[in-house]
Amino acid sequence: MKILIADDSRVMRQIVTRTLRQAGYDGHELIEAEDGAQLVQKANEESPDLVLSDWNMPNMTGIEALRALRASGNNTPFGFVTSEGTQEMRDTASAGGAIFLIAKPFTAEMFKEQLDPILG
Amino acid sequence: MSATMAPTGDDLQQIAEQVWASYLDTDGEKPLVPLPPDKLSRDVVAGVAVSGAWHGLVLVACSSTASKEAAAALLGMGADEVSEGDVDDALGELANVIGGNVKSLLPEPCTLGLPEVHNDADNDPWLTGDEICRFEATWMGEPMEVSVLEKPQGGETE
């Protein structure tokens, strides 16, 4: 499977990559986006099987990117990995079409809990 | 701000320890020790602005050595290999994660800004405000500090 990791922080993209490996998801193709606009572009051009996205990013936020994808008919499974995990944000994420929201700081176990149903 | 909505030093300690356990001390060998350092250092200050029902900053400050060690730990490389950009990214992300968790303790609705990293803390107008709480610690023998500053409503936070 192909997973698109979107975060404006290279450090966090690397932590997400490392956590995916620690959670046992080896062997998947990982691609990256540095902001929301790039997320939309790569989600449309490279057809990932899953998007893991930060919320707060320059150019276009994660929720704006999700809404843009859904508005254009792109229904790629989408989950947030973000530093804010309030109920309001979880509700907003869900209403926008996100499957889950993992709050930072996260653990490999938290990734497994959310990703096993998708990645097996 | 009402007392029930104000984060405390204990809150900051709990959040910081979670962040360290998840990202910087995953094997338990580099713990964040909740003891004030001999001398504080603000060589590098990373912060995120919070605006909305509450205005202020969540800051992470540390020595230059600690900032390089943090970047190295987060990126999985040696401290002598990290660039200035790596340090800014790493400290900014620490402030972002801690700020996101602190925001859940603040009045709603609030918006979290993108992280900024400042290297001249003593002369930086962005880094001013009324300190609400602080957590001082020692990490790898170096000073590490997390604090929350409130700015008067309508004050500049961007």
Side-chain angles (χ1 to χ4, degrees), chain A residues 5-23 30 32-38 52-65 80-93 95 101-114, chain B residues 14-27 32 46 48-53 58 60 67-68 70-77 82-117:
Chain A
I5 301 167
D7 199 306
D8 54 318
S9 164
R10 182 171 81 90
V11 164
M12 188 48 67
R13 294 198 301 274
Q14 186 145 330
I15 291 171
V16 170
T17 297
R18 192 163 63 219
T19 306
L20 283 169
R21 192 171 62 241
Q22 290 168 344
L30 305 180
E32 298 186 359
E34 297 180 7
D35 57 37
Q38 204 174 87
L52 296 176
S53 175
D54 188 18
W55 189 291
N56 213 5
M57 294 185 286
N59 293 329
M60 185 184 274
T61 65
I63 189 69
E64 289 169 348
F80 283 103
V81 180
T82 177
S83 63
E84 301 176 61
T86 62
Q87 191 57 49
E88 180 190 1
M89 292 189 75
R90 291 178 186 279
D91 292 344
T92 302
L101 185 152
I102 296 172
K104 304 169 186 172
F106 47 73
T107 62
E109 287 71 29
M110 291 163 73
F111 266 46
K112 276 188 71 68
E113 185 180 335
Q114 298 295 344
Chain B
Q14 189 175 6
I15 292 167
E17 287 177 345
Q18 285 175 355
V19 171
W20 253 252
S22 296
Y23 300 146
L24 287 162
D25 182 35
T26 53
D27 52 10
L32 185 66
V48 288
V50 181
S51 56
V58 180
V60 176
S67 71
K68 289 175 184 168
L74 290 171
L75 288 164
M77 56 173 65
V82 300
S83 67
E84 192 175 327
D86 293 333
V87 168
D88 286 358
D89 189 2
L91 266 289
E93 194 55 27
L94 286 178
N96 180 45
V97 175
I98 292 172
N101 283 267
V102 169
K103 178 175 166 279
S104 69
L105 304 172
L106 296 169
E108 294 184 9
C110 279
T111 303
L112 204 64
L114 293 171
E116 295 186 27
V117 179

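Chain A is the first sequence line, chain B the second, and so forth, proteins listed ahead of strands; every chain is numbered from 1.
Between A:T19 and B:S22 there is no side-chain heavy-atom pair separated by less than 4.5 Å. With a 4.5 Å cut-off on side-chain heavy atoms, B:L114 and A:P58 count as touching.
Residue A:D7 holds its CG atom at 8.0 Å from CG of B:N96, rounded to the nearest 0.5 Å. In this structure, the separation between NZ on B:K103 and CD on A:E84 is 3.5 Å, given to the nearest 0.5 Å. To the nearest 0.5 Å, atom CZ of residue A:R13 and atom CD of residue B:E93 are 10.5 Å apart. Note that the SG atom of B:C110 and the CD atom of A:E88 stand 10.0 Å from one another [nearest 0.5 Å]. With values rounded to the nearest 0.5 angstrom, B:Y23 atom OH is found 13.0 Å from A:Q14 atom CD.
For B:D86 (side chain) and A:V11 (main-chain N/O), no donor-acceptor pair under 3.5 Å exists by modelled atom type.
Taking all atoms of both residues into account, the shortest heavy-atom contact from A:K104 to B:N101 is O-ND2, 3.0 Å.
Only the side chain of A:T86 has a heavy atom closer than 4.5 Å to any heavy atom of chain B. Proximity to chain A (any heavy atom under 4.5 Å) is shown, for B:A70, by neither the backbone nor the side chain.
Among B:A21, B:G100, B:P115, the residue with the largest count of heavy-atom pairs under 4.5 Å with chain A is B:G100.
When each of B:D89, B:V97, B:L74 is checked for a side-chain contact (heavy atoms from CB on, under 4.5 Å) with A:S9, only B:D89 meets the rule.
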